[in-house]
Amino acid sequence: MQFERLGPYRITRKLGRGGMGAVFEGVHVDTGQHAAVKLLSAALADDDDFRDRFQGEIETLRKLRHDNIVQLFGFGEQDEHLFYAMELVEGDSLEQELGRGRRFDWREVTRLSLDMCKALRHAHDRGIIHRDIKPANLLLSKQGVIKLSDFGISRFFGNVRLTAAGSIIGTAEYMAPEQAAGKPVDHRSDLYSLGAVMYSLLARRPVFRSKSLAEALQKQQFEKPERLRKFNPEVPEEFEQIIAQLLEKDPARRIPNAMILGRLLEAMRRALAPPSETLAAGPDFFSVESEPTSVPEAFVPPVFEIAQTIDLTAAQAANSEAPSGLATVDLSTAPPLPGNSEETPLKTLELSEVAPAISSLATAAINANEPTGEEQPSIILSYSAAPNVEKPLKEDRFVVVDKDELDKEEFSQRESALISWQTYALVVSLTLIAAAAWYFLQPESADSLYNRVAKSVTSDSLSEAAGDIEKFLSNYSSDPRAGQLREYQDQLELDTLNKKYNQILLGSRSSQGLTPVERAYIEALSTEKSDPERAATKLQALISVFGRDGDSESKNDRCVILAQRKLDKIQSEIKRVSDDQLRLIRRRLAEADEMRRKSPEKAADLYRAVLELYGDKPWAAEVVEQAKKSLATP
């Protein structure tokens with residue numbers, strides 16, 4: 001259906017289409033305010049699940065008010081089509097910027113990432129996970145302000161109603177390993193995705209390249225990312241280490257939250273700033289005043305308690321003077337509640353059990369007989385942490401969301417300048433735990449690791465030192481010896497790859513999935529023993545065609561390095577063998593020259609034999625030419 005107007009907004013143009021519907025630009029007919037109006041597609045409008053997700057997106061945005069998150073203006077329904085209006089960001093997404101070939105400097109990526117840390121902390125502190133952070137959802141305004149958009153697949157911590165564990169929602173190139181595996185996610189999954197975005201902006205390529213969704217999900221779960229500085233050497237090692245920690249497969253090994261990530265980035269930015277550069281104050285979440293009273297490591301779903309402890313009639317239940325937060329329903333003919341009895345008068349229900357229980361109670365109240373004058377059992381329904389959800393839209397209307405209505409929780413907390421003793425106790429406890437963890441988890445010293453690696457190299461068992469090399473480079477990347485250990489690490493990677501090629505050559509491993517460079521290399525190896533000169537020629541041709549140019553895939557680069565090493569080895573062996581043969585051939589030609597006077601035919605046969613055996617050998621060109629001249633001379 002084509003709309004000229006949605007609510008108070010006159011539709012001017014279509015901005016794009018997403019998974020849940022279309023987005024239009026609208027102008028408020030009274031105020032002239034421009035907005036992005038998101039409309040649920042007609043095919044999904046009748047689907048209760050999608051209507052729930054649409055309503056959930058609205059409720060999510062109503063909890064957020066932040067300079068780096070798009071703002072909700074209002075929502076409504078028109079002709080049974082759900083829609084909402086939100087801030088229109090004049091600018092392009094980071095995906096569009098990358099598509100135009102824009103190159104992001106590491107300092108610019110640091111600035112954008114700091115702003116994203118503030119936005120994510122704002123959302124995570126309210127129990128909201130975005131779940132689909134990617135360049136397409138990061139909008140860069142013309143003023144250079146980054147804004148996070150599309151909370152359409154976000155959800156509250158612990159809320160499994162709309163997106164159950166086992167399903168996969170998100171963009172494969174940027175989703176966390178646990179999300180790719182369909183496992184439960186938390187705020188650290190967003191941090192992984194943010195790390196993947198940083199990597200893409202700096203490397204100008206995704207963390208993993210793949211040709212299918214299945215391959216992308218497989219790599220996210222099991223493949224180790226390549227070092228960022230390989231693609232962009234200008235990135236500081238400190239920044240590379242921060243991104244590498246964000247991209248850890250195990251969430252427990254990642255930077256724990258957006259606030260700590262922001263502090264690390266700001267510390268790096270200041271440490272690497274030129275002496276002449278004056279830096280502005282850091283992000284607001286570095287100040288003590290903006291510290292949250294608690295950081296939600298997990299969100300406890302709302303718990304409903306049903307108790308048969310208050311005697312009220314149905315009339316009393318309908319009384320407008322009933323206590324706020326309490327709902328009473330007559331249970332004169334209601335069936336007993338599950339798990340309730342005289343011995344267990346109180347029953348705690350999980351979220352999934354509440355709706356059936358309320359439905360049962362409501363049916364019982366409707367079908368109740370006329371009051372008999374006797375005391376009738378009733379219930380009280382109390383709740384805690386219940387989300388304030390707007391009633392489902394059923395008719396044409398538009399609800400304006402006042403700016404002051406957004407994010408009430410944060411400002412009510414900030415009204416008090418005092419910090420409770422519980423908060424102090426929590427901070428002290430966490431500090432002590434962190435200190436103990438730091439003491440017991442200190443990495444092994446650089447000298448100890450290096451000495452073990454050196455011993456393995458001396459005993460020609462470098463492969464046994466792979467773990468120590470990785471620990472050294474992870475913990476002591478700035479050590480002067482790190483360059484040498486990186487060479488050892490590269491050597492191990494080459495040895496592993498060469499072992500794979502030899503297994504394919506022997507037929508003990510499949511050759512499926514090889515690149516053209518790898519196939520040419522294996523073909524050259526197959527002729528090494530029978531015709532080393534031909535193998536050398538093939539290897540030289542491979543190097544000439546596929547030589548490293550900086551843009552090749554890493555596997556091809558390593559294959560070319562192996563080809564060069566193999567060529568040097570074959571040529572060295574050819575030279576050693578050819579020197580021995582040349583001495584023998586020259587001696588036989590001298591014997592033939594003496595033989596010519598007495599037995600010219602035998603001498604001629606010897607000359608022809610030299611031509612036959614060594615005429616196609618480049619290294620024998622000199623003696624072959626000598627034999628030709630002797631054969632042509634009477």
Side-chain angles (χ1 to χ4, degrees), residues 18-20 38 52-73 75 84 86-87 115-134 137-139 146-165 167 169-171 174-176 178-179 183-194 197 251 254-262 284-285 290-302 351 384-390 401 403 405-414:
M20 292 176 62
K38 187 167 185 178
D52 287 343
R53 283 186 59 193
F54 190 87
Q55 189 78 18
E57 183 170 1
I58 292 173
E59 295 306 324
T60 298
L61 291 175
R62 292 184 74 168
K63 285 182 170 285
L64 303 174
R65 187 177 81 187
H66 195 276
D67 290 341
N68 299 112
I69 299 177
V70 292
Q71 180 187 339
L72 177 67
F73 292 155
F75 57 95
Y84 65 80
M86 58 195 303
E87 177 184 2
D115 287 341
M116 285 310 305
C117 286
K118 291 188 285 183
L120 285 180
R121 183 197 173 188
H122 182 82
H124 292 168
D125 282 355
R126 285 144 189 81
I128 298 171
I129 316 172
H130 189 282
R131 294 169 57 86
D132 194 23
I133 295 175
K134 58 184 178 181
N137 285 338
L138 300 178
L139 308 180
I146 194 73
K147 288 183 179 286
L148 180 58
S149 69
D150 197 355
F151 276 83
I153 63 173
S154 63
R155 66 172 181 174
F156 299 120
F157 292 125
N159 182 354
V160 296
R161 178 187 177 197
L162 301 182
T163 306
S167 64
I169 293 183
T171 302
Y174 300 95
M175 68 169 52
E178 62 273 17
Q179 192 174 358
K183 298 178 181 179
V185 301
D186 60 18
H187 61 283
R188 294 170 296 185
S189 304
D190 279 351
L191 296 182
Y192 179 98
S193 299
L194 178 58
V197 171
R254 294 176 202 150
I255 296 170
N257 56 52
M259 181 180 66
I260 294 178
L261 172 60
D284 57 8
F285 55 74
S290 64
E291 291 288 340
T293 55
S294 64
V295 177
E297 290 298 330
F299 179 80
V300 181
L351 181 60
S384 60
N388 181 21
V389 180
E390 186 77 19
V401 177
K403 187 175 182 180
E405 178 186 347
L406 300 172
D407 200 26
K408 291 180 180 177
E409 300 88 349
E410 178 182 20
F411 293 99
S412 62
Q413 292 171 3
R414 291 184 179 179

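On a predicted model such as this, the values are computed, not experimentally measured, just so you know.
- The CG atom of Asp132 sits 7.5 Å away from atom OG of Ser193, with the distance rounded to the nearest 0.5 Å.
- Each of Leu194, Leu261, Asn257 was compared with Leu120 under the side chain to side chain contact (heavy atoms under 4.5 Å, CB included) criterion, and only Leu194 meets it.
- Heavy atoms only, all atoms of each residue included: Tyr174 and Ile133 are closest at CB-O, 3.5 Å.
- To the nearest 0.5 Å, atoms OG (Ser149) and CG (Leu138) are separated by 7.0 Å.
- For the atom pair CG of Asp67 and NZ of Lys118, the computed distance is 7.5 Å after rounding to the nearest 0.5 Å.
- Between the CD1 atom in Ile146 and the CG atom in Asn68 there is a gap of 8.0 Å [rounded to 0.5 Å].
- Just one residue in the list Gln179, His130, Glu178 forms a side chain to side chain donor-acceptor pair (under 3.5 Å) with Ser189, and that residue is Glu178.
- In this structure, His122 contributes its side chain and Leu64 its backbone to no donor-acceptor pair below 3.5 Å.
- Checking side-chain atoms of His187 against main-chain N and O of Pro256 turns up a donor-acceptor pair under 3.5 Å.
- Of the inter-residue distances, the one linking Asp115 atom CG with Lys147 atom NZ reads 10.0 Å to the nearest 0.5 angstrom.
- In this structure, Glu87 CD and Leu139 CG are separated by 9.0 Å, a value rounded to the nearest 0.5 Å.
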